[in-house]
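Take a look at the structure below.
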Amino acid sequence: MDTSQGNPMMDDGLTLQRTKDGGPRIDCRNIKVFYGQAEAIHDVSMSFPDRAVTALIGPSGCGKSTFLRCLNRMNDTIENCRVEGKILMDGEDINDADVDPVLLRSRVGMVFQKPNPFPKSIYDNIAYGPRIHGLANGREDLDAIVEKSLRRAGLWDEVKDRLSAPGTGLSGGQQQRLCIARAIAVQPEVILMDEPCSALDPIATARIEELIDELRNRYCIVIVTHSMQQAARVSQRTAFFHLGNLVEMGDTGQIFTNPREKRTEDYITGRFG
Amino acid sequence: MTDTARNPDSKAKAMKRLKKRRAADGRFRFYGLSAILTALGALAVLVITIGSQALSAATYHVVNYDITLDPAVIAPEGAGRPEDIGRNVEGFYGLVRDNLLETFPEAAEDRASRREVADFVTRLAVLPTAQMVAKQPELVGTRITLTAPLNDDLDLYLKGQGVRERKLDVGAIASIKGEAEGGYRVTGAGAFDAVVAAMAVAAADLPADAPEPSVLLTAGPSTGRLTEISAGSAHLELLTGKIRDFARLQSKARLIVALESERTISDQQIAWTLALKDMDRIDRVPRTTLLTNSDSTYPELAGGLAAIVGSLLTMLITALVAMPIGILAAVYLEEFAPKNRVTEFIEVNINNLAAVPSIVFGLLGAALYINFLGMPRSAPLVGGLVLALMTFPVVIIASRAALKAVPPSVRSGALAVGASQMQTVFHHVVPLAAPGILTGAILGMARALGESAPLLLIGMVAFVGDVPRSPTDESTVMPVLIFSWSNNAERAWEPLTSAMIIVLLAFLLLMNGLVVFLRRKYERRW
């Protein structure tokens, strides 16, 4: 198994510990993604450690969202999108014919750019996943899952009195935390976040970032972000994408203070992007 | 800023451009407003013309006959089984005719008058009473009031729509003398001045050799025909009633310009009608029979019940076939089908199918369902299937539009928590699209409800006197009934047709109201 790239001394103790314990949660090898004939991602290999936040940064259109969507096979739903290469999750190729994308997605949750709660009650938003996966035995069990998920997403105190109110009636930041709660309700191992704060104001963003930091202790988190400050704040590892290539990957501190590549330095210092 | 300073003209030019833009805005608003007003105006004209026509058919005149249910007449064969009584139209009609002859003894004199009095009420008009008596045999032998609609032409006459007449005042009548050759000489100083003047006006519009128009003189229940009219005297030929009424009561003259030979009602019938009205035996009542009776060859008995039930049965079949097929096809095409040449071809052809003239579907239905599959003619089953063929492309198109309008974020949200595609579609997408899908489906059904052309071709235009009991019974539908009624010659069908149109419009409004209700109730924002 690969150990994480870069200088181990730059990792914080916790991450180092975990990666040493379990190795990378997800290991991607030679990933190529095609839209029709066009190759959007060129031969990317990288791995994502467990119980750590990995940030994918890069200018618009560089393929970081496309890459993220490979990890729970959401690209399957896009017409004429083709993924090549191996994505090993705990050693098992997720693109294998006998892996059911539905089960995979229950292990790899996802939070989107724009909060997209179902137009149902707050309770039903959370309970939907556990219900279809049969995670709850009876009503009380389901209630407990809903409460636990909302607590973990830091939303419980704000919504506990109005669980039957529609999820779409919450504020943008609350909606996004509801979506995070919805994702963790199905007990995933990995959470993918596609620019989760780009539609939120700074206060709601700070709230989500705190939450990500808390969730790091339980999950492998991969976050796509346009904000380099955010990447620096929440992630332990950072990968810089450019024009479908993985330019550089390393510990966040190293990427931001001492990038190896010229392009990385130019991007994070705002010379292009 | 510096540009303005450099070029002093630019401000003036900018103002000019602005003025032009404002003028263009104003013109566009004007065009839009006039388009809306034109549409509203056309709608108002339609509603007012049909509505005012229909209003006269909303009520009609019925005549009350006090008759004794003589067992010898209505139940001639001894005990008289109820079903025999219920079918004994002839017996009840005889009682009504006898009642009329009793009221107007002069009608019994000759066969022509007997027929004229018999025209007052159609035979079948007594059927409801006969059936009522059959259900309550204890009524046999008692005296009841039988109510039957007045002949349609006389009904129109009383509504002032059939034969036009001018009512004229008549001065005091001084003397009435019997004359040798029959009839009476009525005199009074200047009593007929108004009549003479009105006749002169009427004569000016008629050809020189035209016969004299009828002038009727009415006093209470009595009416006579005036001839040889001069300012102070006229010859009166009594049509009904008693001559002494003219001396006792205030008389009124009626000038009827249309010639008796060209009218559907005679002077004699007018006289009797006026007499019955004077006796308070004619009531103007709401025409509930429009909704409770089935079609008839007599306008005063005709109603739309069979057609309404036929329409409902047809719509039921259409809904059962078109809605599931259309909605599921739309869900499949929109959510599951791969986008390739085959689905593209199917899509284009569904759009084409929606544009096919409806009469073509009628031909298809006649060939496929009736000739090939041997289904019964004129049946709501076939009609419903034909309309379903016509409706389901509309349902598919509307449903696909509704499904497309569901934001993709809902689908990704559901997929991301591990819902299968089927669960995503049926738990999230379809419920969100449901108001739109239902709207499309109901509007498609409303279009089918108003369709007549394809149904003509599968024989649903046949005269149907009975309410259909099942989708395989002979039946007709509302628009086809309107079509057949509008083809009928008699004048009374015209308002009746309008009334039926109003009933049809009411059903359509009901369906559109349902659409609005569903939209308001279930439309959700996301």
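Because the structure is a prediction, the values reported are computed rather than measured. Computed from heavy atoms alone, side chains included, the values below leave out hydrogens, waters and symmetry copies. A, B, ... follow the sequence lines: proteins, then strands. Residue 1 opens every chain.
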B:F361 vs B:L387, side-chain contact (heavy atoms from CB on, under 4.5 Å): CA-CA, chis, key distance, verdict: CA-CA 8 Å; B:F361 287 107; B:L387 292 178; over 6 Å; no
Closest-packed option against chain B by number of heavy-atom pairs under 4.5 Å, given A:Q113, A:H133, A:K114, A:R73: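 Top count of heavy-atom pairs under 4.5 Å with chain B: A:H133.
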Residue-level contacts of residues 169-187 of chain A with chain B, using a heavy-atom cutoff under 4.5 Å: A:R182, A:V186
Chain B-proximal positions within residues 103-111 of chain A [heavy-atom distance under 4.5 Å]: A:R105, A:S106, A:V108, A:G109, A:M110
Minimum heavy-atom distance B:P454-B:V386, with the two atoms named: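 Shortest heavy-atom contact: CB-CG1, 3.8 Å.
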Kindly indicate whether the side chain of [X], heavy atoms from C-beta on, has any atom under 4.5 Å from the side chain of [Y].
X	Y	answer
B:T424	B:E335	no
A:K148	A:I145	no
B:I396	B:S399	no

No-hydrogen, no-angle side-chain donor-acceptor test under 3.5 Å, A:K64 and A:H226: yes
Mutual orientation of the aromatic rings belonging to B:H428 and A:Y128 [parallel < 30°, tilted 30-60°, perpendicular > 60°]: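 Perpendicular: the ring planes of B:H428 and A:Y128 meet at over 60°.
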Aromatic contact, A:F118 with B:H427 (centres under 6.0 Å):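 No, too far apart.
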Lys/Arg-Asp/Glu bridge criterion (N-O < 4.0 Å) met for B:E344, B:R341: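 Salt bridge flag = no for B:R341 with B:E344.
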Face-on cation placement of A:R82 at A:F34 ring, 6.0 Å and 45° thresholds: yes
